[in-house]
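Here's the structure, in structure tokens; my notes come after.
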Amino acid sequence: MTGIVEPMRLRELTLRNRIWIAPMCQYSVDAYDGIPTDWHRVHYGALAAGGTGLLVVEATAVVPEGRITRQDTGLWNEAQVEAWRGIVAFAHAQGAAIGVQLNHAGAKASTFAGFGRDGDERGSVPVEQGGWQTVSASDAPVMGLAAPRPATTAELEAVAEAFVAAARRADDAGFDVVEVHAAHGYLLHQLLSPLSNRRDDRYGGDLAGRATLLLDIVRRIRAELPTVPIIVRLSATDWVEGGLTPDDAATVAGWAVEAGADAVDASSGGLVLADIPVGPGYQAHLAERITREGVVASAVGLIETAQQAEEVVQRGVDAVRIGRAALRDPSTPLRWARELGATVDWIPPQRLRAY
Ligand SMILES: Cc1cc2nc3c(=O)[nH]c(=O)nc-3n(C[C@H](O)[C@H](O)[C@H](O)COP(=O)(O)O)c2cc1C
């Protein structure tokens, strides 16, 4: 049976194990210029040295107005590419594959980070204080934030172009994997969900219409970067009546693979307040549902022990992703291998005596 410490392939890329680090915003760019900082170098360096097979760095904006906060990282210019290059090179030197999650926050853009240069404020940043008018699939506000303006058809076409340009820059920086963020209530999820998409242009209508922008983006990145693995992150349920369902997500996952994606990560929620049954492995069934379409899938969400992770992979899910457990202990993958009694060749030599 396949286990979490076993390698796997995504397109031409070999990953040394199936314990992946989930993308996690650090909101640590105090210069507001999208350029990763010393914090990112140390944080991602520790995670890369911790044994993961695939480290995917935080939601990184494809255009400045696609940032969740002004403290987000970006990939819209060359200075950002240059700064990412060092982080990528260090990860590679540790034997970790590294990807970047590309994002446009849509109606959830222009918010305060709640710390750092932003201070302790929360919610939408008013335009007079350096915020901006957000755009979305419709004028429906998301999670109590300032009302967006519906993006025009041309603006959505430009978003696709921005994702492709950012993917090209990611490849330039040396990233092995590009992840398209279509989860957690951000722009691509705002388009996918019937709760927020009320459009009558080619980006709206039935599920296929609502998936148009996501699939265009995947298709165009694939055409641009034929060998780079593409992961799509979905909110595989909105957890409310009338929202996206696990079956919808499985359908979109199949389409994403036809468009050129290699794997789908099954997260959930983030668009509307919902009663989510949070508990150990509470989203793993969503990844399992997607694997039944023949799609490579990863599971995420309160997977916090080696045993639990093994069970998820043994149920046919291809990989697990860990978030908060890795914030507490960046060497969680190495610790899990040790707890399972597995012999692995990815312990940094400097740390061999600890294992
Ligand atoms: C500090 C923090 C930042 C996060 N930022 C992102 C992000 O940038 N992109 C994303 O898709 N999910 C983000 N998430 C969600 C995680 O990727 C993950 O799905 C979630 O934490 C559940 O996994 P866990 O229970 O292992 O932490 C974030 C979570 C945390 C705790």
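Both ligands and their constituent atoms are indexed starting at 1 by order of listing. All values reported here derive from a predicted model rather than from experimental measurement. Position 1 is the first residue of the sequence; numbering continues from there.
- Grouped with Val142 in one hydrophobic cluster are Met143, Leu195, Val240, Leu271, Val272, Leu273, the linkage being side-chain heavy-atom contacts under 4.5 Å among Ile, Leu, Val, Met, Phe, Trp and Tyr residues.
- Surrounding CG of Asp206 are more than 12 heavy atoms belonging to other residues, nucleotides or ligands, all under 6.0 Å away.
- Using cut-offs of 30° and 60° on the angle between ring planes, the pair Trp39 and His43 is parallel.
- Counting Ile, Leu, Val, Met, Phe, Trp and Tyr side chains that sit under 4.5 Å apart, directly or through other members, Ile68 shares a hydrophobic cluster with Tyr27, Phe115, Tyr186.
- For ligand 1, the protein residues placed under 4.0 Å by at least one non-hydrogen atom are Ala22, Pro23, Met24, Cys25, Ala59, Gln101, His181, His184, Arg233, Val300, Gly301, Leu302, Ile322, Gly323, Arg324.
- When every heavy atom of Arg11 is checked against every heavy atom of Pro229, the shortest pair comes out as CB-CG, 4.1 Å.
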Please tabulate, for the side chains in residues 55-64, all donor-acceptor contacts under 3.5 angstrom to protein atoms that are two or more places apart in sequence or on a different chain.
residue : atom : partner : partner atom : Å
Glu58   : OE1  : His40   : NE2          : 3.3
Glu58   : OE1  : Tyr44   : OH           : 2.7
Glu58   : OE2  : Gln26   : N            : 3.1
Thr60   : OG1  : Glu58   : O            : 2.7
Thr60   : OG1  : Thr73   : OG1          : 2.8

